[in-house]
Amino acid sequence: MSTLSFPLSDPSRQQSDADRDAVLAKPGFGEHFTDFMTHARWTVDDGWTGGEVVPFAPISLSPAAAVFHYAQEIFEGLKAFRHADGSVWTFRPEKNAERLQRSARRLALPELSTEDFLASLTAQVSADEPWVPAAGGEDSLYIRPFMFASEAFLGVRSAHQVDYYVITSPAGAYFPRGVQPLVVWVSDSYARAGAGGTGAAKCGGNYASSLLGKKEAAEHGADEVLFLDSETHTSIDELSGMNVMAITKDGRILTPELTGAILEGVTRDSILQLARDRGLEPAEQKMSMDWVTENIASGEITEMFACGTAAVINPIGEFRSEKGSWTIGDGGSGAVTLQLREELTGIQQGSVEDRHGWLHKLA
Ligand code: COI
């Protein structure tokens with residue numbers, strides 16, 4: 001049972017139907033925001049209280065709010081999909097609720113129950129239902145729940161006041177070039193997260209620490225950056241905001257094991273299941289970059305791809321580093337990758353049977 005409720009006090013919309021239609025015709029990723037946002041507050045004295053859906057608007061915070069100074073912040077990413085009958089669904093939201101709870105524990109933030117998390121998604125997406133793109137395409141409504149330390153206090157301790165919000169944003173392809181083979185820069189200079197650190201938590205700091213690597217990637221003409229483990233700088237970890245996988249000639253699907261420095265992606269987990277379903281042999285293991293490049297060169301690795309909620313599944317065509325460049329297979333046409341992508345998006349959009357019970361109705 002949800003303990004919080006999220007009433008919509010004023011249903012008037014801020015944006016006209018015509019403006020909304022123009023955004024939905026070409027949503028991009030993360031650029032446009034809907035009419036409403038959902039909010040609840042936690043205090044050390046009262047726990048979680050209230051809950052409301054209010055007009056999307058700037059948030060007023062003290063310049064001393066702890067989040068600005070000590071980055072006590074976590075977030076999630078999900079998508080809402082419209083099915084052919086007009087209903088709206090999301091994908092495995094309990095996994096996101098559990099990960100938000102794990103992230104909260106790691107960042108010393110209060111946990112939000114799975115029921116309250118699901119209630120907040122339902123409230124937000126119901127209020128913004130007209131913003132869910134039409135059925136039949138790949139566009140969706142991206143849902144971004146986040147939680148941060150809003151207490152005005154400069155001492156270093158976990159905050160006594162925390163705010164939780166859900167905002168939504170219509171989403172097309174994550175990468176500006178669409179679903180095209182990515183060029184990925186392998187960073188020898190920077191790591192994203194270290195042993196015992198916050199790598200497995202979905203906190204803003206992990207993404208902040210990836211940005212310089214991403215900038216370096218862009219300087220080398222690459223779309224994304226691949227980070228290696230922080231201790232030995234030899235094993236592959238993940239990209240700036242996505243997990244990474246390889247498919248081999250002999251039918252294995254390989255991804256770095258969860259070391260505590262890697263995000264436990266919901267898409268990652270779903271792909272491992274879909275791979276198993278189609279007779280591929282999934283393995284979560286340490287993968288050195290040298291081993292990866294040798295097996296790309298020998299043709300043993302035939303495909304590689306990036307995967308995450310926002311990016312879905314996107315083929316990687318080439319790795320570049322200070323040491324050289326490696327073209328994967330035929331440069332990223334990725335037959336198996338694209339079959340997995342089609343199956344996953346088909347389940348999400350309601351056109352392929354949801355045999356694992358992954359869908360959750362929102363509106
Ligand atoms: C997601 O895939 O939902 C993320 O949070 C990653 C970010 C690159 C958008």
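Note that ligands are numbered from 1 as they come in the structure, with each ligand's atoms numbered from 1 the same way.
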In plain terms, say whether Lys202 and Glu76 are close enough for a salt bridge, that is, a side-chain N and a carboxylate O under 4.0 Å apart. no

For the ring pair Trp326 and Phe319, is the centre-to-centre distance below 6.0 Å? no

Would you mind checking which non-hydrogen protein atom is closest to atom 8 (C) of ligand 1, with the distance to 0.1 Å? Tyr174 OH, 3.4 Å

Checking a contact table here: which protein heavy atom is nearest atom 9 (C) of ligand 1, and how many Å away? Ala310 CB, 3.7 Å

Is there a heavy atom in Lys79 that sits closer than 4.0 Å to ligand 1? no

Gly77 neighbourhood, listing ligand 1 atoms whose heavy-atom distance to it stays under 4.0 Å: 3 (O)

Apart from Val67 itself, what residues make up its hydrophobic cluster when side-chain heavy atoms of I, L, V, M, F, W and Y under 4.5 Å apart count as a link, directly or indirectly? Phe33, Met37, Val54, Phe56, Ile59, Leu61, Phe68, Phe75, Phe146, Phe148, Tyr165, Ile167, Tyr207, Leu263

Can the ring centroids of Trp89 and His360 be said to lie less than 6.0 angstrom from one another? no

Subset of ligand 1 atoms that lie under 4.0 Å from at least one heavy atom of Phe75: 5 (O)

Roughly how far, to the nearest 0.5 Å, is the OG atom of Ser120 from the CD1 atom of Ile143? 9.0 Å

Of all the non-hydrogen atoms in the protein, which one sits nearest to atom 6 (C) of ligand 1, and at what distance? Gly241 O, 3.5 Å

Nearest heavy-atom pair of Val179 and Leu338: which atoms, and what distance? CG1-CD2, 4.5 Å

Looking only at protein heavy atoms, what sits closest to atom 5 (O) of ligand 1 is Lys202 NZ, 2.8 Å

Measure Glu224 to ligand 1 on non-hydrogen atoms and call it side chain, backbone, both or neither using the 4.0 Å cut-off. neither

Look at the aromatic rings of Tyr164 and Phe117 and report parallel, tilted or perpendicular, splitting at 30° and 60°. tilted

Could you find the nearest protein heavy atom to atom 1 (C) of ligand 1 and give me its residue, atom name and distance? Tyr142 OH, 3.4 Å

Contact atoms of ligand 1, heavy-atom distance to Arg144 under 4.0 Å: 5 (O), 9 (C)

Looking at Tyr190, is Arg192 sitting on its ring face, NZ or CZ under 6.0 Å from the six-membered ring centre and within 45 degrees of the normal? no

With a 4.0 Å cut-off on heavy atoms, is Glu76 in contact with ligand 1? no

